[in-house]
Each structure stands twice: as structure tokens, then as C-alpha cells.
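All remarks here apply to the structure that follows.
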Amino acid sequence: MECVSLPPFSRVAICGGTHGNEMSGVYMVREMQKQKVDKFGSFSITAVISNPRAVEACKRYIDTDLNRCFTRALLSSYLVSSSAPITDGTPYELRRAQELNAQLGPKGSHEAMDLVCDLHNTTANTGLCLISYSFDWIGLHLYKYMQKKITSAPIRFFLLDMPFSEAYSQESLGKHGVSIEVGPQPHGVVRADIFNLMKEAVDQTLEWVQSFNSGTTFEGGDVEVYTLEKSIDYPRNPETHEITAAIHPQLQDNDFSLLRPGDPIFMSFAGETINYEGKELHPFFVNECAYYEKKIAFHLARKITVNIPSLSVKMD
């Protein structure tokens, strides 16, 4: 695969509080703002609290999940000139998405940030997980780089495979983007070990960008990533739709392990073990608190190998 050359990065955004109760990113961005961190080597840094009202309320969101509001269709639907202009009745996060698109994008434009890095926590035992889209090599190179630099926790990569127009999360506003997900951490809480792991990932991201801008060629090659196969809901009462079981202790905290047919996945409140039926896959976001409302007990992923090209800076 031929080496890919890209222009140097001049503007990077670090965003926290997209979900207002995921506190590592909130406190990291607040500290960057307090320290007036606005430059790192050859590029500028913009530190953003993405969902200030949700942060103030210490809630995931006010009206709707902000991190699902950045598809091209949603962003274009609520333009002033569109058929559905923004009004006082428009959900807060849809209004905020327009503001962030103006600040960090516009999405898909030459004016967009060179890199948007969005910070998240999960209650699941994911360790350090990078998330990005299959149309962007940058996240995969950051992952490859961090695998060599960070030894304090396991690092995984969740690859979202969808067209650019359907990319729904905030990091898709930039020319390139990556989400840094770190857990386990309860919502509304900040743990020093989780905060430090996130800070290490952010520091390594900035170091990578500076090294890229300085002319380092990053070698390509094979990387192992996870791609979504399906989502599993909790067992439910068919009449009340209330859950009737919890994650089995053998599955709890074992994100990204190999799940085999016959392995226990749920324990009913009556004490019955419910075993997995299906092909071998890898569970992740196991028992994520925010996914109860989405009727997701855990995701199941395939582990695949992706070959990425070498990457270098394009000099004028």
C-alpha cells in the first residue's frame, strides 16, 4: 500500500462533557482552559466543554444524546434556511450541535478542525478504547502509536464502519477525528487512575500530531480492531418489558474477552443462569449504565485485522 501524504495539522480540538456526567473529560478540559492551554508546538488547541447544560446538571444529556446529533442529515435539517429552522422548542442538543458544527466544522469543509478529539467515560471495564470511522486513517495510526507508548492499561480500537454522511458522533466534525473512551468509571464521579489514563492518551495524541507535523513518517501495517456485529438486550418480561436478569458475574468486567457458545451471560433474578447462543464474538460496553435506556446489555464485536498505509506530512 502506497504511503499517504496529508497536510500538516494546524488546529486541534479537545472536547469533554459531550455527555455531561462523564467527568474525566470535563475536568481535563476545565484544567486546560484554566491553564490557558491553546498551543502545542506547531499547532493551536481549542478546549471545548461540548454540552455545558448537561455538565451543569451532571446528566448525560438534557433532551437527547448530543453524540448522536452530528449526521449530515441532522446538521442540515436545522439550518436557519431549512424547512425545520431552530426555535425555542428545538431540543437543546440539536441546537448545541449546530453551535459546535460552526465552531469545529463545518463538517466536511476545508474550514473544519484538522483533528477533533472527543473524551468519554464508560461504566464498562473497557480500559482505554479508541473509536473512529473506517474512512479515516488517523485514528488507526494514533492507536498504533499508543500501543507502543502506553503500557499502564490495555488499549483497543473500535472501528465504526459507515459512510461519512452517516457518521453521528462529534469527532466527525473535524477533517479527522477520534473518540477516547476510558473505563470503568461511574457516571458523575472522577477516578484518579481513569483520569490519568485519559490524560496519557491525550498527551500522546498531541505528541503524535507534533511528530507528524515535524516530518516523521509513520509506518503502516496490520492492526487488530473490533467491529460491531450486533447488540444484545437484557431478558425482559414480555408484558411489562422490565428486565428479568443481570449480567452474569463471569461476563461482568470482561469486556473484549472471547465469548463462546454456552458461556454464561445473564443471571436471572430467580437465580437461573442464561447461556450464550451464537458464534464466538467479543463483548464490550458490558453493563454500560447509559445503555439501559437503549435496551442494550452489551455489544458483540468481531476482531479483524486492518492493513493501514504509511503516513507522512505533505510539505508545500
Side-chain angles (χ1 to χ4, degrees), residues 18-24 54 57-68 120-131 153-162 168-169 179 181-191 193-194 197 224-304:
T18 303
H19 295 136
N21 56 4
E22 297 177 7
M23 304 311 294
S24 296
C58 199
K59 295 172 58 178
R60 182 174 174 88
Y61 56 79
I62 299 300
D63 293 322
T64 192
D65 191 336
L66 177 61
N67 214 34
R68 302 296 184 270
H120 290 268
N121 290 121
T122 173
T123 60
N125 188 29
T126 58
L128 173 58
C129 182
L130 303 188
I131 304 172
I155 307 174
R156 284 95 170 199
F157 194 98
F158 176 38
L159 188 68
L160 295 166
D161 188 12
M162 62 186 66
Y168 53 76
S169 51
S179 176
E181 185 95 43
V182 189
Q185 179 171 281
H187 293 327
V189 168
V190 60
R191 285 177 44 163
D193 57 341
I194 298 299
L197 181 55
E224 285 190 337
V225 303
Y226 295 87
T227 63
L228 181 65
E229 182 84 1
K230 60 181 178 178
S231 300
I232 303 295
D233 190 11
Y234 294 90
R236 294 181 182 273
N237 182 303
E239 295 179 357
T240 66
H241 305 294
E242 293 180 350
I243 66 172
T244 59
I247 296 293
H248 194 278
Q250 286 184 227
L251 177 57
Q252 182 65 51
D253 298 327
N254 282 312
D255 296 69
F256 296 106
S257 62
L258 183 62
L259 186 65
R260 298 178 173 89
D263 286 348
I265 54 174
F266 295 111
M267 180 171 284
S268 78
F269 300 136
E272 176 189 358
T273 295
I274 301 170
N275 296 324
Y276 173 63
E277 298 177 0
K279 61 184 179 181
E280 293 186 351
L281 293 169
H282 298 265
F284 68 109
F285 287 143
V286 175
N287 206 13
E288 161 59 46
C289 173
Y291 285 0
Y292 276 71
E293 69 175 34
K294 299 178 186 293
K295 295 183 169 53
I296 296 173
F298 54 89
H299 291 313
L300 285 172
R302 291 180 297 120
K303 184 160 66 172
I304 64 171

message: Within the structure provided, determine whether Phe285 and Glu181 are in side-chain contact (heavy-atom separation under 4.5 Å).
response: yes
- prompt: What distance separates Asn21 CG from Cys289 SG, expressed to the nearest 0.5 Å?
  reply: 7.5 Å
field: By side chain to side chain contact (heavy atoms under 4.5 Å, CB included) - contacts of Ser24 (at least two apart)
entry: Asn121, Gln185, Val190, Ile194, Phe195, Met198
- request: Determine whether the aromatic ring centres of Phe158 and Phe284 lie less than 6.0 Å apart.
  value: yes
statement: Residue set satisfying side chain to side chain donor-acceptor pair (under 3.5 Å) with Arg191, at least two apart, ordered chain then number -> Asp193
Side chain to side chain donor-acceptor pair (under 3.5 Å) partners for Arg236, two or more places apart: Asp233
query: Could you state the interatomic distance from CG (Leu300) to OG (Ser231), rounded to the nearest 0.5 Å?
result: 8.0 Å
- request: Please name the pair of heavy atoms, one in Arg260 and one in Leu258, separated by the smallest distance, quoted to 0.1 Å.
  value: NH2-CD2, 3.5 Å
query: Is there a side-chain contact between Phe256 and Pro154, using heavy atoms and a 4.5 Å cut-off?
result: no
message: Going by side-chain hydrogen bond (donor to acceptor under 3.5 Å, both in side chains), name the pairs with one or both residues in residues 261-284, residues two or more places apart or in two chains.
response: Glu229-Lys279
message: How long is the straight-line distance from CD1 of Ile131 back to CZ of Arg156, given to the nearest 0.5 Å?
response: 12.5 Å
message: For Asp65, is there an ion pair with Lys294 - N to carboxylate O distance below 4.0 angstrom?
response: yes
- line: For Phe298 and Val286, the nearest pair of non-hydrogen atoms, with its separation, is CB-CA, 3.8 Å
Which side-chain N or O atoms in residues 242-253 pair as donor and acceptor under 3.5 Å with protein atoms at least two apart or in another chain?
| residue | atom | partner | partner atom | Å |
| --- | --- | --- | --- | --- |
| Thr244 | OG1 | Pro235 | O | 3.3 |
| His248 | ND1 | Gln250 | N | 3.0 |
| Gln252 | OE1 | Asn287 | ND2 | 3.1 |

- request: Start with the C-alpha gap between His187 and Cys58, add the side-chain angles, then the distance that decides, and say whether side chain to side chain contact (heavy atoms under 4.5 Å, CB included) holds.
  value: CA-CA 8 Å; His187 293 327; Cys58 199; over 6 Å; no
Backbone of Thr123 reached by a side-chain donor or acceptor of Glu288 within 3.5 Å: yes
query: Do you know the tightest heavy-atom contact between Leu197 and Ala153?
result: CD2-CB, 3.6 Å
field: side chain to side chain donor-acceptor pair (under 3.5 Å) against Asp63, all qualifying residues, sequence neighbours excluded
entry: none
Non-neighbouring partners of Tyr292 that pass ring pair (Phe, Tyr, Trp, His ring centres under 6.0 Å), sequence neighbours left out: Tyr234
message: Rounded at 0.5 Å granularity, tell me how far CG in Leu228 sits from CZ in Arg302.
response: 9.5 Å
- request: Would you name the heavy atoms of Gly183 and Asn125 that are closest together and state the gap between them?
  value: O-OD1, 4.3 Å
- request: Compare every heavy atom of Leu259 with every heavy atom of Pro283, then report the nearest pair and how far apart it is.
  value: CD-CB, 3.9 Å
- prompt: Atom CD1 of Ile304 and atom OG1 of Thr227: how far apart are they, to the nearest 0.5 Å?
  reply: 4.5 Å
message: If the condition is side chain to side chain donor-acceptor pair (under 3.5 Å), which residues does Glu22 pass it with, not counting sequence neighbours?
response: His19, Arg60, His120
- line: For His241 and Pro238 the tightest heavy-atom approach is CE1-O, 3.5 Å
- line: By salt bridge (Lys or Arg N to Asp or Glu O under 4.0 Å), Lys295 pairs with (sequence neighbours left out) none
query: Any donor-acceptor pair under 3.5 Å linking the side chain of Asn67 with the backbone of Ser169?
result: no
message: Could you work out, with ring pair (Phe, Tyr, Trp, His ring centres under 6.0 Å) as the rule, every residue matching Tyr61, not counting sequence neighbours?
response: none
